[in-house]
Amino acid sequence: MCSGDMSNLRFNSLINLKLTQESGQTSQAPWKYNSIENMDKFDELIYLKVPSINNQVNDETISLGKLPILLKLSQDKSNLNEFSYLYEFPKKVNKREFSLDINNFSKNEIKIIEKEIRDEISKIYDLNFDLEKFYNFLLDDEKLAPSLDFCNGLRLFIAKDPFECIISSICSANNSIARWTKSIDKIKSNWGEKLEFESGIFYSFPKPNQFLDFYETPIEEADADGHSYEIDCYTHNLKSCGVGYRASYMKKASKMILDNEVNISDIFNMDYDEAFDLILKIPGVGPKVADCILLYGFDYEEAFPSDVWIKRIISHLYFDGEEISADKTREFGMEHFGDYAGYAQLYLFHYARKSGLMDKIKK
DNA sequence: CCGCAGGTTCCGA
DNA sequence: TCGGAACCTGCG
């Protein structure tokens with residue numbers, strides 16, 4: 001369709017895009033990845049607020065409120081100090097023709113849209129975080145320092161949407177990355193808005209009110225349908241997405257959010273402890289998932305998500321191998337790393353994975 | 001076929 | 001307040 005002028009759309013900051021995308025951060029399922037020659041490319045959908053849009057196909061004006069936009073990021077592997085990006089408008093939304101190009105917008109509107117895209121990328125990749133300063137902190141800690149050999153340019157990968165992050169994080173609990181990713185993909189393709197771009201088809205993440213209507217099991221779905229087919233034909237239910245017993249948690253979480261028992265915009269204004277206590281009330285959310293949500297969904301960088309691996313790593317590095325509880329690990333991390341806890345957790349985890357430390361401390 | 005990984009919940013000391 | 005079993009699914 002159309003996209004921006006490549007020469008202007010560029011960031012100059014230290015980041016390793018591929019590393020950041022693929023470091024297993026549980027904020028959202030990974031973006032689409034294509035490697036072209038020496039370039040790493042990532043495609044992903046974001047939503048932006050825009051003014052009303054003139055749909056040229058049916059000659060009507062649509063007020064979407066938010067416009068889905070496909071982002072296409074690329075980075076030359078040999079230069080981690082910059083990356084470029086393009087954006088693309090959809091040609092179909094839920095099978096409706098949707099013709100938009102850059103000429104639909106005034107110069108000023110384009111300026112607004114491109115500014116929003118920039119802000120969004122900056123937020124998602126935490127580009128305002130001062131990595132150099134963090135590296136000074138890191139090098140002062142002899143246990144932490146070796147991680148830099150494996151993590152140069154690694155940044156936090158902040159969720160596009162806090163609700164998606166909450167549901168994804170619930171799904172990630174007691175789960176493997178592979179299964180968790182598949183489940184989220186199925187949820188999106190089952191119920192998300194279908195968006196067709198020149199570069200491919202994407203699905204949005206469903207909204208909280210949609211979750212309330214989802215069937216939990218194939219049986220439930222078949223019952224509602226009068227059992228017209230074999231039971232395994234019923235796939236539009238959460239269990240069939242492979243989420244297991246987390247299905248009811250997801251629905252309850254959505255309900256709490258809709259009922260304002262958990263108010264997403266309030267959380268942004270809370271202090272960490274208050275936000276932590278509130279999020280813990282959501283079923284399926286324990287301390288580890290709560291910290292993931294706060295770190296990746298709400299950018300509370302003082303959170304120190306403590307799973308079994310971080311527990312083992314901290315025990316090994318800082319407690320002479322003596323086994324400490326997940327709770328103790330979390331306390332230690334927050335105490336020891338302060339506002340850098342989230343980054344320290346990220347760097348330690350990736351370092352252990354890449355250095356072979358994980359295999360060594362596996363019980 | 002079975003064993004295992006993974007965080008939260010729930011149950012019973 | 002704590003330890004430990006149960007939970008669901010995919011992978012080896």
Can you check the Ile184(A) CD1 to dT9(C) P distance for me, whole Å? 15 Å
With hydrogens left out and only the distance checked, is there a donor-acceptor pair under 3.5 Å joining Arg246(A)'s side chain and the base of dC7(C)? no
Which residue lies toward the 5' end of DNA chain B, Trp309(A) or Leu280(A), if each is placed at its nearest nucleotide? Trp309(A)
Taking any heavy-atom pair under 4.0 Å as a contact, classify Val243(A): base, sugar-phosphate, or nothing. nothing
How far apart are the C-alpha atoms of Phe337(A) and Tyr340(A), what are their side-chain angles, what is the distance that settles it, and do they pass the ring pair (Phe, Tyr, Trp, His ring centres under 6.0 Å) test? CA-CA 5 Å; Phe337(A) 304 117; Tyr340(A) 284 138; 9.3 Å; no
Check whether more than 12 heavy atoms from other residues, nucleotides or ligands sit under 6.0 Å from atom CG of Asn79(A), and answer yes or no. yes
The single option from Phe319(A), Tyr318(A), Phe137(A) that satisfies ring pair (Phe, Tyr, Trp, His ring centres under 6.0 Å) with His336(A) is Tyr318(A)
Using a heavy-atom cut-off of 4.0 Å to chain A, what are the terminal contacting nucleotides of DNA chain B, in 5' to 3' order? dG6(B) to dT9(B)
Rounding to an integer number of Å, can you tell me how far Glu323(A) CD sits from dG3(C) P? 11 Å
Fit a plane to each ring of Tyr343(A) and Phe134(A), take the angle between them on a 0 to 90° scale, and name the class: parallel (under 30°), tilted (30 to 60°) or perpendicular (over 60°). tilted
Salt-bridge criterion met for Glu82(A) and Arg10(A) (N-O under 4.0 Å): yes
Is a salt bridge present between Asp119(A) and Lys115(A), judged by a nitrogen-to-oxygen distance below 4.0 Å? yes
Whole angstrom is fine here: how far is it from CG in Asp327(A) over to P in dC2(C)? 8 Å
What is the distance, rounded to the nearest whole Å, between atom CH2 of Trp180(A) and atom C1' of dC8(C)? 18 Å
Cation over ring face, Arg330(A) and Phe276(A), 6.0 Å, 45°: yes
At what angle, to 10 degrees, do the two end axes of the helix from dC2(B)-dG12(C) to dA13(B)-dT1(C) meet, given five pairs define each axis? 40°
Any Lys/Arg nitrogen of Glu120(A) or Lys123(A) sitting under 4.0 Å from an Asp/Glu carboxylate oxygen of the other? yes
